[in-house]
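To start, the structure under review is shown below, and the notes come after it.
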Amino acid sequence: MAVIALKCPDIEVVVVDIFEPRIIAWNSDHLPIYEPGLDDVVKQCRGKNLFFSKDVEKHVAEADIVFVSVNTPTKTQGLGAGKAADLAYWESAARMIADVSKTDKIVVEKSTVPVKTAEAIEKILTHNSEGINFQILSNPEFLAEGTAIQDLFNPDRVLIGGRETPEGKKAIQALKDVYAHWVPVERIICTNLWSAELSKLAANAFLAQRISSVNAMSALCEATGADVFQVSHAIGKDTRIGPKFLNASVGFGGSCFQKDILNLVYICECNGLPEVASYWKQVVQVNEYQKTRFVNRMVSSMFNTVSGKKIAILGFAFKKDTGDTRETPAIGVCQGLLGDKAILSIYDPQVSQEQIQRDLSMHKSELDRPPHLQPASPTAIKQVTFVWDAYEAAKGAHGICILTEWDEFKTLDYQKIYDDMQKPAFVFDGRNVVDVDKLRQIGFIVYSIGKPLDAWLKDMPAVA
Ligand code: UDX
């Protein structure tokens with residue numbers, strides 16, 4: 001919304017939320033989320049044509065276009081628990097819009113929702129409309145965190161789905177005119193509602209599938225002596241495959257991939273397509289496998305136990321340049337290590353101690369969660385300390401475990417770190433950011449995902 005305000009000075013944008021502290025934060029110098037470049041955009045527009053308010057009903061009533069970006073978490077209870085999206089927030093937003101509206105409106109689905117949600121929303125709106133015309137559009141967001149502003153300034157495409165009626169087409173055109181302020185029209189794709197909704201789930205499923213594919217290959221590389229860098233470079237040169245999103249890692253995280261795939265799985269099941277459902281489910285299962293495999297590598301390399309050993313965790317966010325920890329692979333890895341009674345010292349430049357504590361004690365309703373990746377008990381949480389410095393985290397540690405690819409981890413003084421650690425000193429690089437040869441020269445035993453194994457690790461099983 002801030003980028004729309006920046007690019008469309010003729011449009012007034014009001015962001016509303018029922019949660020007042022968040023609105024206060026958006027109106028302050030400390031925005032509630034960290035995203036490179038966002039501060040600047042907000043500062044340029046706030047008070048001019050960008051406003052943040054808790055007066056939800058007033059501003060919805062006044063608007064011509066309402067973007068709904070409420071949370072759609074995975075249901076934890078009832079029908080479809082663990083897979084289906086919980087649309088309770090969406091439904092109450094729709095009812096509120098219907099209640100307060102006095103003029104015709106375009107209602108835009110911005111939250112990622114299961115296919116055919118628009119139909120349900122349309123019913124709620126029209127059954128409560130009292131003669132007002134609502135047009136529903138689906139306008140899924142493809143930005144990635146950490147690069148959100150750049151992605152929005154220069155999107156690969158903008159997708160707008162709507163009804164194929166004259167009124168539907170008029171609404172699509174109205175939203176297209178907003179984006180056309182800065183996005184070349186050939187990049188604005190207009191489709192029917194269901195194609196737009198499904199495209200978002202499909203795009204995330206395809207992206208996540210690439211990561212699970214390369215991660216599955218990483219296990220085979222370790223078993224055979226192939227190097228996953230060389231393999232992904234070689235296959236990425238095929239223009240049909242392309243080089244992006246082929247970095248092997250400890251697993252993908254973030255608020256979208258897992259949730260959207262589980263949603264897709266559920267939709268397939270509901271449509272009587274069990275084979276298609278299990279095909280996509282496998283993408284999530286390989287992601288779980290990758291985390292389990294990583295923990296097992298660590299434990300087996302360190303003489304089959306990490307009990308009582310200090311391990312420095314560098315990075316907790318699900319990727320660099322964000323403080324977001326939703327579904328971060330760090331949660332599963334830390335829980336696995338705590339399950340084996342390790343003592344963790346965690347450092348992430350953007351994640352707070354409170355957040356990490358919440359994440360580690362969280363119960364999750366995931367499909368087929370490996371039994372050792374259970375929420376950490378209150379006693380285990382006591383084995384976790386939080387520091388604001390990578391060197392401090394590594395002091396006296398037996399091993400270092402890199403779980404987020406923050407740039408600063410590439411340029412740490414690893415000699416200094418090595419000198420302060422217990423020996424043998426281990427580095428487990430879950431993001432392939434360190435210079436393996438250099439670290440081995442210093443004396444570290446290094447495990448890098450999908451790379452030829454250190455002699456130390458060769459005879460040790462990857463998955464016990
Ligand atoms: C994703 C989609 O990219 C975006 O289009 C959609 O709108 C929302 O979901 P995001 O979750 O912000 O965006 O992050 P993304 O950059 O896609 O990374 C997801 C996860 O995959 C991260 O944990 C990242 O570290 C991991 N990843 C990514 C890999 O492990 N290897 C890769 O090659 C790329």
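No experiment lies behind these values; they were computed from the predicted model shown.
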Side chains of [X] and [Y] only: does a donor on one sit below 3.5 Å from an acceptor on the other?
X	Y	answer
N154	Q150	no
S448	N432	yes
E141	S69	no

Quick one: pull up [atom1] in [X] and [atom2] in [Y] and give me the separation to the nearest 0.5 Å.
X	Y	atom1	atom2	answer
F428	R297	CZ	CZ	10.0 Å
N27	R46	CG	CZ	6.0 Å
E91	I121	CD	CD1	7.5 Å
S249	Q290	OG	CD	6.5 Å

Any heavy-atom pair between the side chains of [Y] and [X] that's under 4.5 Å?
X	Y	result
F52	V42	yes
F153	L6	yes
L338	Q383	yes
F252	N204	no
I11	H181	yes
V107	E122	no
S199	T191	no
E405	K319	yes

Considering all heavy atoms, the nearest [X]-[Y] contact:
X	Y	value
I172	C190	CG2-SG, 3.5 Å
V351	G323	CG2-O, 3.7 Å
Y347	V387	CD1-O, 3.3 Å
T322	Q350	O-CB, 3.9 Å
A342	I311	CB-CD1, 4.1 Å
D151	A144	OD2-N, 2.8 Å

[atom1] of [X]: more than 12 outside heavy atoms within 6.0 angstrom?
X	atom1	answer
K341	NZ	no
Q77	CD	no
Y34	OH	yes
Y391	OH	yes
K110	NZ	yes
M1	CE	yes
I18	CD1	no

Is it true that [X] and [Y] have a side-chain N and a carboxylate O under 4.0 angstrom from each other?
X	Y	result
D260	K200	no
E354	R358	no
E392	K395	yes
K43	D40	no
E269	K281	no

query: Stepwise, does the side-chain contact (heavy atoms from CB on, under 4.5 Å) test hold for V384 with C334?
result: CA-CA 9 Å; V384 182; C334 290; over 6 Å; no

Where the side chain of [X] meets the backbone of [Y], is there a donor-acceptor pair that is under 3.5 Å apart?
X	Y	result
T72	T112	yes
Y89	P73	no
E35	T147	yes
N139	L159	yes
R326	C256	no
Q335	L360	yes
T404	F316	yes
K105	A61	yes
Q258	E327	no
S212	Q209	no

Residue list, salt bridge (Lys or Arg N to Asp or Glu O under 4.0 Å) with K382, at least two apart or on another chain: none

task: Identify, with sequence neighbours excluded, every residue that meets side-chain contact (heavy atoms from CB on, under 4.5 Å) alongside R157.
output: F142, I189, A203

query: Would K170 and E167 count as a salt bridge (charged side-chain N to carboxylate O under 4.0 Å, His left out) if you check the C-alpha gap in whole Å, the side-chain angles of each, and the deciding distance to 0.1 Å?
result: CA-CA 5 Å; K170 223 173 114 191; E167 298 80 26; over 6 Å; no

- request: Can you run down the salt bridge (Lys or Arg N to Asp or Glu O under 4.0 Å) pairs that involve residues 59-68, sequence neighbours left out, and say none if there aren't any?
  value: K58-E62

- prompt: Has K7 got its NZ or CZ under 6.0 Å from the middle of the six-membered ring of Y179, at an angle within 45 degrees of the ring axis?
  reply: no

message: Would you say the ring centers of W26 and F51 fall short of 6.0 Å from each other?
response: no

